[in-house]
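Below, read A as the first sequence line, B as the second, and so on, with proteins coming before strands; counting in each chain starts at 1.
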Amino acid sequence: MSTARFRFPKSARLLRSAEYRRIYDGGSKFVGPLFAAFYLRTQSGDPARVGYTTPRALGTSVERNRIKRRLREAVRVALPSLEPGWAIVFNPRRAALDAEFSRLTSEVQRLWGVLRARGTES
RNA sequence: CCCGCCGGACAGGCAGCCGCCCCGAUCUUUACCGGGGAGGAAAGUCCGGUCUCCACAGGGUGGCGUGCCGGCUAACAGCCGGGGGGUUCCGCUUAAAGCGGGGCUCACGGAAAGUGCCACAGAAAACAUACCGCCUGAGGCCUUGCGCCUCAGGUAAGGGUGAAAAGGUGCGGUAAGAGCGCACCGCGUCUCGAGCAAUCGGGAUGGCAGGGCAAACCCCACGUGGAGCAAGACCAAAUAGGGGACGAGCGGUGACCCGCCGCGCCAUAUGAGUCCCGGGUAGGUCGCUAGAGCGCCGCAGUAAUGCGGCGUCGAGAUGAAUGGCUGCCGCCCCGGCCCUAGCUGGGGAACAGAAACCGGCUUAUCGUCCGGCGGGCUGA
RNA sequence: CGGGGCGUGGCGCAGCCCGGUAGCGCACCUGCCUUGGGCGCAGGGGGUCGGAGGUUCAAAUCCUCUCGCCCCGA
């Protein structure tokens with residue numbers, strides 16, 4: 001397995017407030033115990049793009065950063081098995097702060113499964 | 001050795017794999033290599049500055065801030081040193097006071113510039129006051145006494161109220177009293193000495209002016225323009241406006257009618273299209289990290305701090321990097337193996353994340369170590 | 001980065017400016033009324049005034065620090 005498949009450059013991230021707005025308005029919602037996720041099918045040629053939002057209600061800046069970094073690492077490892085063309089925004093819950101890392105990755109895989117099912121029916 | 005208070009330092013270390021942000025080299029297509037990557041509080045945003053833009057002749061007033069004295073500093077509400085007050089401890093001494101030393105602590109200018117407030121209680125709460133008392137005199141009453149009642153006056157010793165009642169203690173004095181007189185203490189004024197000063201010490205003198213609150217209004221002295229890196233500078237789409245230039249199609253009409261083609265004419269309304277100019281949004285670039293910098297040494301100073309020399313470069317993001325998973329060693333706690341040493345099993349490691357940059361303050365913080373002060377126990 | 005507001009019985013609020021008694025409504029408890037309940041009437045209990053320190057004789061109130069929540073502007 002090539003190391004390049006595990007990278008997580010800026011081209012794979014959402015960097016504009018307008019992009020978040022579009023996904024919230026036109027996307028669908030996935031709900032899990034550790035996070036909620038909004039996803040939207042974009043141009044199928046584009047690479048998959050991911051964003052995270054950690055509002056103040058989640059805790060202090062240290063806790064918010066920790067939640068985002070753990071979730072980002074879980075997504076990074078799972079990124080090669082995600083089909084291109086999806087844009088996803090994660091809304092983590094406070095439970096993601098000290099949940100087992102393996103639970104985070106399995107939750108991400110569960111979301112990937114939902115996306116694969118939606119991709120084949122459309 | 002243990003406990004408490006105060007001050008200071010540190011904030012586990014070394015590797016492996018996979019990632020993220022910035023810089024540089026190779027390459028210029030993927031990629032790959034090297035270097036760097038959170039804190040003592042980065043926090044709260046309570047102060048002060050650097051920097052940027054706006055405003056601005058000078059002065060005054062107002063507002064706001066500061067407030068014992070001296071020093072440090074770019075500046076400060078910070079720091080250092082000193083003075084004074086409060087509180088506590090130790091030693092000496094005493095009738096009580098007092099003297100000396102140490103710790104902690106204080107928003108510590110002015111109450112004889114003016115205004116205001118001081119509940120309840122109390123006679124009276126601020127140009128003081130006579131309620132109960134005490135004393136003197138006059139009158140009256142009888143149960144004749146160190147008596148009682150009334151009136152006139154003297155009095156701040158005593159009682160009582162209060163947070164606070166016009167110096168305190170003692171002696172003298174007096175009808176009873178009173179700084180009325182005296183001694184000591186306190187206070188005011190004058191003066192001498194020490195100190196840059198706050199202030200301290202001594203002497204003379206006045207029988208004593210005067211309640212508290214200015215974190216009530218206020219007065220005095222000093223300081224103070226406003227906003228903030230989303231400051232500010234530059235580049236600049238798409239769309240819709242603004243200014244200007246070029247510009248001619250469509251349309252209408254006419255030669256018998258209709259269709260098509262061509263041509264002529266008409267007038268200015270609509271005004272396509274192209275180009276230029278200007279403002280400016282999205283977006284981008286700069287500001288943006290070498291600075292009152294950090295480390296060591298020397299000198300000056302009680303210290304804060306300053307000066308000099310040498311060395312060194314240690315984040316710069318913008319949906320916002322500094323992470324994930326492991327191993328070994330070290331630290332702390334609990335348990336086991338014969339006590340110690342040692343071995344071994346399990347658990348724990350805080351508060352917290354840069355956003356232009358510095359100097360402070362305040363708050364949060366598992367523990368370990370160092371220094372100072374105080375207390376307790378034990379041993380020599 | 002800058003500015004503003006609010007924490008007072010279980011709930012919603014006065015009192016704070018100008019310091020001395022913490023009050024109002026709903027809710028709660030007891031009694032009366034009623035066959036019983038509700039309504040009504042009478043009486044009653046309950047508050048570290050977000051926390052700490054200070055000023056003062058005295059602090060919910062004044063001052064300083066601090067915690068939490070909410071709302072604006074660029």
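Across all strands shown, rA204(B) forms a Watson-Crick or G-U wobble pair, both distances under 3.5 Å, with rU189(B). Using Watson-Crick or G-U wobble geometry with both donor-acceptor distances under 3.5 Å, rA315(B) finds no partner in any strand shown. If you check rG78(B) for Watson-Crick or wobble pairing at under 3.5 angstrom, you find it paired to rC72(B). Pair assignment for rG379(B) gives none, since no Watson-Crick or G-U wobble pairing has each distance under 3.5 Å. Remark: rC310(B) base-pairs with rG295(B); criterion is Watson-Crick or G-U wobble with both hydrogen-bond distances under 3.5 Å. Base pairing analysis places rC6(C) opposite rG68(C); the two distances defining the Watson-Crick or G-U wobble pair are each below 3.5 Å. Checking rG40(B) for Watson-Crick or G-U wobble geometry (two distances, each under 3.5 Å) identifies no partner in any strand. When both distances must be under 3.5 Å, the Watson-Crick or G-U wobble mate of rA27(C) does not exist.
Of the side-chain N and O atoms in R13(A), one or more sit less than 4.0 angstrom from OP1 or OP2 of rA320(B). A sub-4.0 Å separation between OP1 or OP2 of rA320(B) and a side-chain N or O of R16(A) is absent.
In this structure, the side chains of L82(A) and I88(A) come closer than 4.5 Å at one or more pairs of heavy atoms.
The nearest heavy atom of RNA chain B to V89(A) and to R66(A) marks one nucleotide each, and the one closer to the 5' end goes with V89(A). Residue whose closest nucleotide on RNA chain B sits further toward the 5' end, between E63(A) and R72(A): R72(A).
Among residue pairs with one or both ends in residues 89-109 of chain A, those qualifying as ring pair (Phe, Tyr, Trp, His ring centres under 6.0 Å) are F35(A)-F90(A), Y52(A)-F90(A); sequence neighbours excluded.
Y39(A) and K29(A) make their closest contact through CE2-C, 4.0 Å (heavy atoms, listed as atom of the first residue, atom of the second, distance). The shortest heavy-atom contact between P33(A) and R110(A) is CD-NH2, 4.1 Å. G26(A) approaches L40(A) most closely through the heavy-atom pair O-CD1, 3.3 Å. Residues G51(A) and L14(A) approach most closely at N-CD1, 3.6 Å, considering heavy atoms. Of all non-hydrogen atoms in L34(A) and E107(A), the two that sit nearest each other are CD1-CG, 4.0 Å. Closest approach of G59(A) to R64(A), counting heavy atoms only: O-NE, 3.1 Å.
Going from atom CG of L97(A) over to atom P of rA352(B) covers 13 Å, rounded to whole Å. Nucleotide rG19(B) holds its C1' atom 4 Å from the CZ atom of R76(A), rounded to whole Å. Counting to the nearest Å, the C1' atom of rG353(B) and the CD1 atom of I67(A) are 14 Å from each other. Between L15(A) atom CG and rG284(B) atom C1' there is a gap of 14 Å when expressed in whole angstrom units. Look at CG on D98(A): it is 16 Å from C1' on rG324(B), rounded to the nearest Å. As rounded to whole Å, 18 Å separates atom P of rG353(B) from atom CZ of R70(A). Residue E73(A) contributes atom CD, which lies 7 Å from atom C1' of rC18(B) at whole-angstrom precision. Protein atom NZ of K68(A) is 12 Å distant from nucleotide atom P of rU318(B), rounded to whole Å.
In rG251(B) the base sits anti relative to the sugar, since the glycosidic angle is further than 90° from 0. Glycosidic torsion of rU30(B) falls within 90° of 0, placing the base in syn. Under the 90° criterion around 0 for the glycosidic angle, rG314(B) counts as syn. For rG241(B), the glycosidic angle deviates from 0 by 90° or less, giving a syn base. With a glycosidic angle no further than 90° from 0, rA38(B) counts as syn.
When the C1' atom is compared between rU224(B) and rC229(B), the two are found 24 Å apart, to the nearest whole Å. When the C1' atom is used for both rC338(B) and rG13(B), the distance is 35 Å, rounded to whole Å. Across the P atoms, rG316(B) and rA355(B) are found 15 Å apart, a figure rounded to whole Å. Comparing the same atom, C1', in rC24(C) and in rG47(C) gives a spacing of 14 Å after rounding to whole Å. The separation of rA15(B) from rA233(B), taken at their P atoms, amounts to 50 Å, rounded to a whole angstrom. As rounded to the nearest Å, rA215(B) and rU56(C) have P atoms that lie 11 Å from one another. Nucleotides rA75(B) and rU50(B) place their P atoms 10 Å apart, quoted to the nearest Å. The gap from the P atom of rC358(B) to that of rC51(B) amounts to 16 Å, rounded to the nearest Å.
Checking rC20(B), rG324(B), rG319(B) against every side-chain atom of P9(A), the shortest atom distance belongs to rC20(B).
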ask   = How far apart are the C-alpha atoms of W112(A) and S81(A), what are their side-chain angles, what is the distance that settles it, and do they pass the side-chain contact (heavy atoms from CB on, under 4.5 Å) test?
value = CA-CA 8 Å; W112(A) 272 205; S81(A) 54; 3.3 Å; yes

key: Stepwise side-chain contact (heavy atoms from CB on, under 4.5 Å) test for L104(A) and R70(A)   = CA-CA 8 Å; L104(A) 266 177; R70(A) 283 166 61 85; 3.9 Å; yes

message = Test side-chain contact (heavy atoms from CB on, under 4.5 Å) on S11(A) and R49(A); report intermediate values, then the result.
response = CA-CA 7 Å; S11(A) 58; R49(A) 289 146 68 77; 5.8 Å; no

ask   = What do the steps show when you test R21(A) against R16(A) for side-chain contact (heavy atoms from CB on, under 4.5 Å), and what is the final call?
value = CA-CA 9 Å; R21(A) 187 79 273 139; R16(A) 293 275 167 253; over 6 Å; no

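Within the model, atoms CZ of R66(A) and OG1 of T60(A) stand 11.5 Å from one another, a figure rounded to the nearest 0.5 Å.
R93(A) CZ: more than 12 foreign heavy atoms inside a 6.0 Å radius.
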Using a cutoff of under 3.5 Å, can you pull out all pairs of nitrogen or oxygen atoms linking the protein to nucleotides 37-42 of chain B, with atom names and distances?
none

Grab the N/O contacts between the protein and nucleotides 22-29 of chain B below 3.5 Å, and write none if there aren't any.
none

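Partners of S61(A) by side chain to side chain donor-acceptor pair (under 3.5 Å), not counting sequence neighbours: none found.
Side-chain contact check for Y20(A) and D25(A): no donor-acceptor pair (N or O, by modelled atom type) lies under 3.5 Å.
Both cation-pi conditions hold for R41(A) and W86(A): the charged atom is under 6.0 angstrom from the six-membered ring centre and inside a 45 degree cone around its axis.
Remark: T53(A), T60(A), S61(A) in residues 53-61 of chain A come within less than 4.0 Å of RNA chain B through at least one heavy atom. Taking a 4.0 Å limit (strictly below) on heavy-atom distances, residues 17-30 of chain A reaches RNA chain B at S17(A), Y20(A).
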